[in-house]
Number of protein chains: 2
Amino acid sequence: MNRIPTEPTEPNLNEESPPETPMRRRVTLSEIAKQSGTHVMAVSVVLNGAKSNTRVSDTTRKRIQEVASTLNYVPNANARGLRRQHTNTIGVLFNWAGSSTIHSLYSVAVLEGIVDGAATAGYHILLYTEAWKNARASAAGFADSRTDGVVLVAPDEASDIVPAFVSLELPIVLVSSASVIPGVPYVTIDNSNVIALAMEHLTALGHTRIAYIGGGTGRHNMRERFEGFQRWMRSRNLPLPPHYLLGDLDPGESDVNTTALSGLLGVAEPPTAVLASNDDLAIQMMQVARSRGVSVPEQLSVVGVDDILAAALTTPKLTTVRQPLFEMGNQAARILTDTIEGRENANAANVIAPTLVVRESTAAPCR
Amino acid sequence: MNRIPTEPTEPNLNEESPPETPMRRRVTLSEIAKQSGTHVMAVSVVLNGAKSNTRVSDTTRKRIQEVASTLNYVPNANARGLRRQHTNTIGVLFNWAGSSTIHSLYSVAVLEGIVDGAATAGYHILLYTEAWKNARASAAGFADSRTDGVVLVAPDEASDIVPAFVSLELPIVLVSSASVIPGVPYVTIDNSNVIALAMEHLTALGHTRIAYIGGGTGRHNMRERFEGFQRWMRSRNLPLPPHYLLGDLDPGESDVNTTALSGLLGVAEPPTAVLASNDDLAIQMMQVARSRGVSVPEQLSVVGVDDILAAALTTPKLTTVRQPLFEMGNQAARILTDTIEGRENANAANVIAPTLVVRESTAAPCR
DNA sequence: CTGTTAGCGCTTTCAC
DNA sequence: GTGAAAGCGCTAACAG
C-alpha cells in the first residue's frame, strides 16, 4: 500500500469494490450546446461572459440561457478551478489545540465573521480537517490549489507555521496575532487600549490593589496585556507585588488554576479587583471567589477580556473589554480577498479598537 | 454584465486588470517525470498507486519519491477531482437563520463533531457561504461537484431544501431532524427519552405542578418534546392546565418571552418546576425568576435540554438533559462517508441517547 | 459574431 | 516493466 504524504488515512476497501463514483454525472456545457444547437464555447461565454460582451447574438444567448436553466446547469468547480487557476475559495486554519471550549467560543465568532466577509466577496470556505485536528498543523496540504488564500486564526507562535505558509507563496492573513513576518497582513486587537479601558474603569471606581491573572505568556496578545498591565500600574505608582501577578496560567487547567486563584484571595492584603486576560479566566475567578464566600462585586471586582457569549450569562454578569471578534474575522476575509484579487488595500483598519462593556462584576471597593 | 445564476456577487474589476492568477505555479507530475527521467504516468502510479501494485520497478519508484519530496509536490486537487469525479470533501449546510447566538453554540458543537468524523475518514469540509448567510438556502450550488456529499444540520422543515437535495442525487445526511423522506439517513436525539429523563428527575424530587416552555412548534424536535411532555403528565394524572403550556415561544425574542415567562410565575397556583425545551429558554426562565425575586431552585426548579457550554456557567448552574452534539455530528459524518463510499451501514445507532446532567437548578419543592 | 482548437493536471486504458 | 494517448469539463486564443 502506497500513499502520498499529504493524503489522509484512506478507508480500506479490501473488497474488490472500487470507490464507485458516487456523484451523478451532471449536465455539462457540451450537453447544453447540443440541445441549444450551438457550440461549447458560445455556452461558456454566455454563462459567465466576463469580458467578451457582445460575442453572442441575443437570440442564441437567450436560447442558451433557457436550456441551461431547464437543465439546472451548475458549472463544475473542479474543471473551472483547474482552468482558471483560482477557485473563489479561502481556507481557514484554526489553532484548536485540544479543542478547548473557550477556543470554540472564541473561534466560532471569528469564523462567522470570516464567512460573512467571504460571502460578500463571493468566496467559499474550506476547512482543512487534518490541520484542524492536529495541534501542529502543517501548511503543505494547503498547496493543493483548492484555495486562493488562507486565514490563519491565532496561529501557534512557537511553530513555524507562518513562515511555512509564506514559502508556499499562498496569500495569507493572520487574525489575533501580530505579524511576525514583514509584509504579512494581520488583524489584531489594540492591546494597550484593552488594558487602558479596563484599568481606567477600575481606578475610576477607586481600586488600587489590583491583581492580574493571565493565560500564559506564550501568545503575543497575552504578553502585551501582561506587560501593559504592569506598565500601567507602575506609571500610576500603584502597588505591584509579585504575588498579585499570575500571568502564566493555562486556561485549560482549571484545577490547578483553582488553587492558584484561591491563593490570591488568601494573602495578607488581598486585591480588591482582578483583571483577567480573558473571560474564561475571569469566570474561573468568579467561581473560585464564590466557593470561598467572597462576594463579587462587593468584596472583589472582576474584569475580563473578550466578551464571549458566556460573559452575559454568568451571575453576576461579567464586566469585560469586548473584542469585536466577528468584525475581526470579517476584516480578515476582506483583506485576504483584496490581496488575492490584486487590490491594494491600505491595510488601514487592521488594528481593531476594543470597547468596555460594563455589567455587574465590578463595583467600588468596600473599605 | 452577465452572470450565471449560482455565482455570488463578483467583485467589480472595472480596471483593465484581469484577476491576475494569484497562485504560484506549483510542481506538476510532468516536472517530476522530467527530473526523474521517467514519464508522467509512472509518477502518477507511484504517488498514489492504488491498484497497480508492481507496475514500477523499485529503483524508479524510489527515484520518483525522492524527487517528489524534494520538490514538495502536492497533487492538484482540482485536476484530481475533475478526473476522479470525487473530491474527498463533504459540504456542511447550517440553518443559521439570523445567526442567533444559541444556534451558534449549538452548531459549533455539531461542527466540531463533523470535522472530527470527516477527518478520520480522510475528508475535508466545505462551507458554502451563500447558503450559510441566506436563511432560505438553495441546494443548487451544492451541485458544483466539489463535494461528495452534504451534512444538513437542522434543516428548515418548512422549506423544500431536503427534497431539493434528494433530487440533486447527492448523498446527504440530516442532523437533528427526523428524516421526512424515506431512505434519507439521519441522526437525531431520542426525544421521548429526553422527556422521560427530565420528568423522572422532577417527579422524583416531588414536583407535581410542572410547566412547559418550548421553542416553537415548527421544528420536529420541539413538537416531539411538547407532545411527549403532555403525554407524560396525562399518563401520571398530573395537572395540565393550559396556562402551564407555553409551547410556542421564539427563543430569539427574549423580550416577549420575558413577559410570557413572568406571567407564568404570577398565576394563582404557580408551577414549582419548569421544563424548558432547550437551555436557552431555561436560562431566560432563570433570569426572569431572579428579576421577580423567585429563587431557583428553592422556589422554582428549572430543567433545560441541550447542555450547551453556557449551561455550566450560570448561577445556579443549570440542570439539563444533555444532547451529545459532538457525537451526533461525528456520527453524521461517519454515515455520510460510509454512504459515499458505498459501504452499507446498518444505520444502527442513528438515534442518540440523551443523558441527564444534574446541577444546581433543581430541588424538592417547598410546600 | 461564430466555430475550431489546445490545453489546465491528473488518471487510466491499451499497446509495446 | 514502460510508454503513448485520450479525456474529465471548462476557458481562452485564434481563425473563419
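Chain identifiers are assigned alphabetically (A, B, ...) following the order of the sequence lines, protein sequences preceding nucleic acid strands; residue numbering begins at 1 within each chain. Quick note: numbers below take in every heavy atom, side chains included, and nothing from hydrogens, waters or symmetry partners.
The CG atom of D144(B) sits 13 Å away from the C1' atom of dG9(D) (whole-angstrom rounding). R26(B) places its CZ atom 17 Å from the C1' atom of dC10(C), with the value rounded to the nearest Å. One can place CZ of R63(B) at 12 Å from C1' of dT2(D), the figure rounded to the nearest angstrom. If you take CD1 of I32(A) and C1' of dC10(D), they are 12 Å apart, rounded to a whole angstrom. dC8(D) atom P lies 12 Å from atom CG of L29(A), rounded to whole Å. When the P atom of dG1(D) is taken as reference, atom CD1 of I64(B) falls 14 Å away, rounded to whole Å. Nucleotide dC10(C) holds its P atom 10 Å from the CG atom of N78(B), rounded to whole Å.
Side-chain atoms of V40(A) lie closest to dT11(D) of the nucleotides dT11(D), dG9(D), dT11(C). For R84(B), taking side-chain heavy atoms from C-beta onward, the closest of the listed nucleotides dT2(D), dG9(D), dT11(C) is dT11(C). Considering only side-chain atoms of S44(B), the nucleotide from dG9(D), dT11(D), dT12(C) that sits closest is dT12(C). Comparing dT2(D), dC10(D), dC10(C) by their nearest atom to the side chain of A79(B) picks out dC10(C). Nearest to the side chain of R80(B), among dC10(C), dC8(C), dA4(D), sits dC10(C). For H39(B), counting side-chain heavy atoms from C-beta on, the closest listed nucleotide (dG9(C), dG3(C), dA4(D)) is dA4(D). Considering only side-chain atoms of T28(B), the nucleotide from dC10(D), dT13(C), dC10(C) that sits closest is dC10(C). Which of dG1(D), dA12(D), dA4(D) sits closest to the side chain of M41(A) comes down to dA12(D).
The aromatic rings of Y128(B) and F142(B) sit tilted, their planes meeting at an angle between 30° and 60°.
For the C1' atom pair drawn from dT5(C) and dA6(D), the interatomic distance equals 16 Å after rounding to whole Å.
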Test T87(B) against R146(A) for side-chain hydrogen bond (donor to acceptor under 3.5 Å, both in side chains), laying out the working first.
CA-CA 11 Å; T87(B) 57; R146(A) 285 209 280 194; 4.9 Å; no
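Counting non-hydrogen atoms under 4.0 angstrom, T60(A) reaches the backbone sugars and phosphates but no base.
When V151(B), T147(B), V150(B) are each tested for a side chain to side chain contact (heavy atoms under 4.5 Å, CB included) with I90(B), only one passes: V151(B).
Distances shown here put every side-chain N or O of Y73(B) at or beyond 4.0 Å from the OP1 or OP2 atom of dG9(C). A sub-4.0 Å separation between OP1 or OP2 of dG9(D) and a side-chain N or O of Q85(B) is present. Within the 4.0 Å cut-off from OP1 or OP2 of dT12(C), not a single side-chain nitrogen or oxygen of R83(B) is found.
Checking side-chain atoms of R63(A) against main-chain N and O of Q35(A) turns up no donor-acceptor pair under 3.5 Å. Between the S44(B) side chain and the V40(B) main chain, no donor and acceptor come within less than 3.5 Å of each other.
When each of N76(A) and G37(B) is assigned the nucleotide of DNA chain D bearing its nearest heavy atom, the one mapping closer to the 5' terminus is G37(B).
Closest approach of L82(B) and L82(A) over heavy atoms only: CD2-CD2, 3.5 Å.
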